There are 2 protein chains.
Amino acid sequence: MERRRGAELEGVLLDAAWDELMESGYARLTMEAVAARAHTGKQVLYRRWRNRAELVIAAMRHRTGSIVENVPDTGSLRDDVLGVLRLMAERFATLGPDVVHGLLAEAPDLDPEIYTRMTSVMATIVKRAAERGEIPTDDLPDRVLTAPTNLLRHEMLFARDPLPASALTSLVDDVFLPLVSGRPGRSG
Amino acid sequence: MERRRGAELEGVLLDAAWDELMESGYARLTMEAVAARAHTGKQVLYRRWRNRAELVIAAMRHRTGSIVENVPDTGSLRDDVLGVLRLMAERFATLGPDVVHGLLAEAPDLDPEIYTRMTSVMATIVKRAAERGEIPTDDLPDRVLTAPTNLLRHEMLFARDPLPASALTSLVDDVFLPLVSGRPGRSG
DNA sequence: ACTCCTTAGAGACGGTACGTCTCTTACGGT
DNA sequence: ACCGTAAGAGACGTACCGTCTCTAAGGAGT
């Protein structure tokens, strides 16, 4: 019997968790099923992750890269923001609402981080746009900066059907661009 | 042994569920505990609600009135919107993140309804403001209309700490009012 | 090459809560 | 007075949790 170890074993475990996630969703993913799929015992999982949520998060990180490390830079504010929203929507689509709802409920400590990260992405995009002279200032309230990403996240969380493409453009054209273009400096 | 029936029994059941909810949160609320607290059996619960989520939703509806039936009308757009946001925040505070996260995960069919309702509330408020001449038009894109309530909901879902009062005013002053005041008619 | 030590692989175990089923009996309707 | 519905109570089988135990594989050290 060949016995896996170290990084090799860990990779197998995370792949097994990911496959279970795709097949059963979060709610019906069990530690037993992940262990069985990886041809090992539960203890091997519990030795590395304290619970389902941690395992699933690790599996997601193992699979998908971070948006933070891949900020769009197209030369157009509109396209940059749209690019970020598309990345978010794409990722959400592969994960499915199940997973996000589940993690929200079971890993609340992680939740604030998820959306704090996005603030810096938006700040980068807006700063570039201001430097290009596309908008008057990059000194915007945080809630303006994160409005499009937060609204998108909200919509993905609550909508039952997949989002139409028009949702993304509406968020940019109806909400974000009006807020950053014509307005004077920050109010508070 | 006095045996409860009909509306009386139902009230007792919903009260028991509500009390359990307040005491244990959603994740640790069990049908067994609710039944025990109401001095009855589980079957009495399952005869009325198919699962935990339905029971909890019924208990919430039984306790708290609808925001829809109580649209603020202060004569000021800003105060009306703030009033709605305060109602939402207050309700969320009594329920706790647990409950909302849990329902989001276990009652996804209900989720879209929750925020669709708010659209009509905001439409009413905006219409009144337009009639008063406070804003140029009440013909706004849905995503502008629901931006403040959706952003608040998002923030409540993801924030770990209770929201500061400034969160509400920022949503109104930095995001909503700029969108509805200075802009021309809808773009799309 | 031999020994030691960690830990993989496998499964048993007790615990909790689910949702169903069964049984007796209170009580409202006719 | 009778009958049918459903309350009250709890047993039951199932699922999965997280812990614990045991054997033996296979690196590390000498």
Side-chain angles (χ1 to χ4, degrees), chain A residues 1-59 62 98-99 101-103 105-109, chain B residues 1-59 62 98-99 101-103 105-109:
Chain A
M1 164 67 79
E2 295 227 343
R3 190 170 277 193
R4 287 87 40 102
R5 302 210 155 219
E8 185 204 349
L9 175 58
E10 194 140 330
V12 172
L13 298 177
L14 292 174
D15 286 347
W18 179 262
D19 291 345
E20 277 299 312
L21 202 59
M22 290 299 98
E23 219 168 85
S24 311
Y26 185 80
R28 308 199 307 175
L29 176 146
T30 72
M31 298 300 259
E32 253 137 12
V34 174
R37 188 187 279 264
H39 304 292
T40 184
K42 283 194 288 183
Q43 193 57 41
V44 174
L45 295 175
Y46 281 106
R47 203 151 16 228
R48 290 172 174 73
W49 303 281
R50 274 174 302 175
N51 50 48
R52 219 161 49 129
E54 285 193 9
L55 168 59
V56 168
I57 289 166
H62 185 241
D98 253 41
V99 180
H101 289 153
L103 287 180
E106 289 190 17
D109 287 352
Chain B
M1 162 67 78
E2 298 226 341
R3 190 172 277 192
R4 288 95 32 110
R5 299 208 157 224
E8 186 204 348
L9 176 57
E10 193 140 329
V12 173
L13 298 177
L14 292 175
D15 285 347
W18 179 263
D19 291 345
E20 277 297 314
L21 202 59
M22 291 299 98
E23 218 167 85
S24 311
Y26 184 81
R28 306 198 310 176
L29 175 146
T30 72
M31 298 300 259
E32 253 135 13
V34 173
R37 188 187 279 264
H39 304 293
T40 184
K42 283 192 289 182
Q43 192 59 40
V44 174
L45 296 175
Y46 280 107
R47 214 169 344 248
R48 290 172 174 72
W49 304 282
R50 274 174 303 176
N51 49 50
R52 221 164 45 135
E54 284 193 9
L55 168 60
V56 168
I57 288 167
H62 185 240
D98 252 43
V99 180
H101 288 153
L103 288 180
E106 287 189 18
D109 287 353

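Everything numeric here is computed off the predicted structure, so don't read it as measured data. Chain A is the first sequence line, chain B the second, and so forth, proteins listed ahead of strands; every chain is numbered from 1.
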Q. Is any side-chain heavy atom of A:E54 less than 4.5 Å from a side-chain heavy atom of A:N51?
A. yes
Q) Atom CD of B:E106 and atom C1' of C:dC18: how far apart are they, to the nearest Å? A) 11 Å
Q) Expressed in angstrom and rounded to an integer, what is the separation of A:E2 atom CD from D:dA24 atom P? A) 19 Å
Q) So, for A:K42 and A:A35, which heavy atoms are closest and what is the spacing to 0.1 Å? A) N-CB, 3.9 Å
Q: Mind checking A:R28 for me? I need base, sugar-phosphate or nothing, with any heavy atom below 4.0 Å counting as a touch.
A: nothing
Q) What integer distance in Å separates A:L45:CG from D:dT19:P? A) 13 Å
Q: Under the salt bridge (charged side-chain N to carboxylate O under 4.0 Å, His left out) rule, what do B:E8 and B:R4 come out as? Steps first, then yes or no, please.
A: CA-CA 6 Å; B:E8 186 204 348; B:R4 288 95 32 110; 5.7 Å; no
**Q.** d(CZ, A:R3; P, D:dT23) in whole Å
**A.** 13 Å
Q | Pairwise 5' ranking along DNA chain D for B:L13 and B:E32, keeping only the more 5' one | A | B:L13
Q) Taking only N and O in the side chain of A:R4, is any of them less than 4.0 Å away from OP1 or OP2 of C:dT7? A) no
Contact list (N/O, under 3.5 angstrom) for nucleotides 20-22 of chain C vs protein:
residue : atom : partner : partner atom : Å
C:dC21  : N4   : B:Q43   : OE1          : 2.6

Q. Taking OP1 and OP2 of C:dA8, is either one under 4.0 Å from a side-chain nitrogen or oxygen of A:R47?
A. yes
Q.
From CD of B:E8 over to C1' of C:dG28, roughly how many Å is that when rounded to an integer?
A. 14 Å
**Q.** Nearest to side-chain heavy atoms of B:L9, which nucleotide of C:dG19, D:dA7, C:dT7
**A.** D:dA7
Q | side-chain contact (heavy atoms from CB on, under 4.5 Å) between B:H101 and B:Y26, worked out | A | CA-CA 9 Å; B:H101 288 153; B:Y26 184 81; over 6 Å; no
Q) Quantified as the angle between the terminal helix axes (five pairs each), what is the overall bend of the helix from C:dA1-D:dT30 to C:dT30-D:dA1 to 10 degrees? A) 20°
Q. Hey, are the side chains of A:R48 and A:L9 touching, using non-hydrogen atoms and a 4.5 Å cut-off?
A. yes
Q: Among the candidates D:dA9, C:dG9, D:dA6, find the nucleotide nearest to the side-chain atoms of B:H39.
A: D:dA9
Q) So which of A:R50, A:M31, A:E20 actually passes side chain to side chain contact (heavy atoms under 4.5 Å, CB included) with A:L55? A) A:M31
Q. Do you know the tightest heavy-atom contact between A:V12 and A:A38?
A. CG1-CB, 4.1 Å
Q: Run the numbers on B:L45 and B:L13 for side-chain contact (heavy atoms from CB on, under 4.5 Å), then give the verdict.
A: CA-CA 8 Å; B:L45 296 175; B:L13 298 177; 3.9 Å; yes
Q. In terms of the nearest nucleotide of DNA chain C, which residue is placed more toward the 5' end: B:M31 or A:G41?
A. A:G41
Q.
I want to check one thing: is the phosphate of C:dG29, taken as OP1 and OP2, less than 4.0 Å away from some side-chain N or O of B:R5?
A. no
Q) Atom CD in A:E23, atom CH2 in A:W18: separation rounded to 0.5 Å? A) 13.5 Å
